[in-house]
Each structure stands twice: as structure tokens, then as C-alpha cells.
Amino acid sequence: MSVPEISAVLDRQLLLQLGDRLRSLRKALGLGTEVMAARAGITRNTLRAVETGDPGTAIGTYIRVMSILGVSGELALLVGDSLSPAPSGSAAARSRRRGPSVQVHVSDDGSRHQRQDLQSLALHAAAVQWIKDHPESLVEARSVLERWLATGDVRSGPLWLEWRQILKASSWRKVLGRSSHAQQLRQASPLVTVLPAESRERIQAELVELRRGVTFGNDVSS
């Protein structure tokens, strides 16, 4: 089986699942967040970022946490010769096809709420990147926000006022987290309005593909 292309949604889901797994391992070892953070030499906020699959967190920090949890040895698969590409038809390639295969099935859990939030995360990550690549689109997002504020909506007003500060400071990490407040901000967000339609459609298509499931690993039967 060919290695699937890493899409924006799949990339985000992999990090979410990694964070969930690391949090579960920490709890299974009976380590509190304060003790875990101290052992890893990071702050509790940074540990929280790791356990929520924050893509902005340095890979070295993930590795440090994995080391404390005793699972950093798996990284040897990435640096060892066993993952080096070999010429088609070579003895090494034939050996790998006959050897054991590690397959990871990545899909969401069928929860409609989680699917929606995963889509929202991917859309906002794409919108942030779009704004970084096209700074003029930030003006458009601010214009949309001001039109919304002018409606006087009492329910969404506080969130829109917070968005005004977020857009002013470009504090994107605040809206790319997994906290309930980050979810509320995304639900009241003007950010996705600047994202081209084709980008939104691509992310929606990737989510549909993810729901079907994606498998990583070599097909030993080939």
C-alpha cells in the first residue's frame, strides 16, 4: 500500500491523537501535570499544549515528554536504516515487504461534535496561514467583524470584541486550541470568511476521506 499524503485535516487529527495518547500514558503512570512538567523541564501550559496536539509546539518538546513516558524509543523507527528508501526490486526492499508491517488506522470516533471541531480547527489553521501569506486579507476579516459588531448581537458581542483584540494582535494560538473557550471563539469567528472557497471545499473533502479511515504502513501481501 502506498503511503497516504498528509492532508491538513489528517495532519491535525494525527497531532490530536498523539496528544490524547500522551495524556493517557501520563495518567496511567499516575503522574500529575505539575510533576510531569517538572520532570520534562517545561511549564504546565506547555505540557497542556503537548497533550492537546498543539502544532505550534516544538517537536523537541514532544520528544521530551515522550522520553519521560518511556515511549521515545519508538522514534528509532524514524532515524534507523529500516525506513530508508531502497531501490525497487532490491534485496532490502524485498526483505521489508516480507517483514512485519506496522499499520496505524486514523479516523475520527464518529462523534458529530468532534468532527465539526476538527473541521473548524483545520479551517482556522488554513485561514491563519492564508492571512500570513496574504496580509491584506486581515483587513477583510476586520471589516467583516466590524459589520457583525454593528448588529448589536448581545449573545455573540463579547466574543466578537475578543476577536477584535485577536485580529489586532494576530494572537492565533488562542483560537487554535482545544479548550471550550477556543471552541466558542471559533464558532463566532470572522476568520474563515477570508478563506477561498476552494480551500474550504478541500478541507471538507479531506474530512470525508478521514471518516473513511486512513491506513499507514506497507502492505506485506504486495
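Considering only heavy atoms from C-beta on, R186 stays 4.5 Å or farther from L191 through its side chain. Side-chain contact between S156 and T151 is absent, with no heavy atoms from C-beta onward closer than 4.5 Å. Side-chain contact between R48 and T33 is absent, with no heavy atoms from C-beta onward closer than 4.5 Å. In this structure, the side chains of E162 and H181 come closer than 4.5 Å at one or more pairs of heavy atoms. When side chains are defined from C-beta on, Q119 does not count as touching V9, because their heavy atoms never get closer than 4.5 Å. Taking the side chain as every heavy atom from C-beta outward, T46 and D54 never approach each other to under 4.5 Å. With a 4.5 Å cut-off on side-chain heavy atoms, W163 and V144 do not count as touching. Using a 4.5 Å heavy-atom threshold, the side chains of K27 and R23 count as touching.
Taking CZ of R200 as the reference point, atom CG of L123 lies at 8.0 Å (rounded to 0.5 Å). Residue D20 holds its CG atom at 11.0 Å from CG of L15, rounded to the nearest 0.5 Å. Atom CG of L145 and atom OG1 of T193 lie 9.0 Å apart (nearest 0.5 Å). Note: I203 CD1 to L195 CG = 6.0 Å, rounded to the nearest 0.5 Å. Interatomic distance, S120 OG to L185 CG, rounded to the nearest 0.5 Å: 10.0 Å. With values rounded to the nearest 0.5 angstrom, S24 atom OG is found 10.5 Å from L69 atom CG.
Applying the salt bridge (Lys or Arg N to Asp or Glu O under 4.0 Å) definition to pairs two or more places apart or across chains, those involving residues 133-158 are E146-R164.
Closest heavy-atom contact between L31 and R39: CD2-NH1, 3.6 Å. Here the closest heavy-atom approach between residue A49 and residue T57 is recorded as CB-OG1, 3.4 Å. For the residue pair P55 and R12, the shortest heavy atom distance occurs at CD-NH1, 2.7 Å. Closest of all the heavy-atom pairs between L47 and A37 is CD2-N, 4.0 Å. Between P190 and L167, the shortest heavy-atom distance links the atoms CG-CD1, 4.2 Å. Contact record, E51 with R178: O-NH1, 4.1 Å, taken as the closest heavy-atom pair.
By the criterion of side-chain heavy atoms lying less than 4.5 angstrom apart, applied directly or through intervening Ile, Leu, Val, Met, Phe, Trp or Tyr residues, V208 is not grouped with L16; the two fall into different hydrophobic clusters. V139 and W130 sit in two unconnected hydrophobic clusters of ILVMFWY residues. Membership requires side-chain heavy atoms under 4.5 Å apart, directly or through other members.
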Worked check of side chain to side chain contact (heavy atoms under 4.5 Å, CB included) between L10 and E206:
CA-CA 7 Å; L10 179 55; E206 290 172 1; over 6 Å; no

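Looking only at distances, a side-chain donor or acceptor of R173 sits under 3.5 Å from a matching main-chain atom of G56.
Using a 3.5 Å distance cut-off with no hydrogens or angles, the side chains of Q183 and Q187 do not pair a donor with an acceptor.
Under a cut-off of 6.0 angstrom, the local environment of CZ in R202 is crowded, with over 12 non-hydrogen atoms contributed by other residues, nucleotides or ligands.
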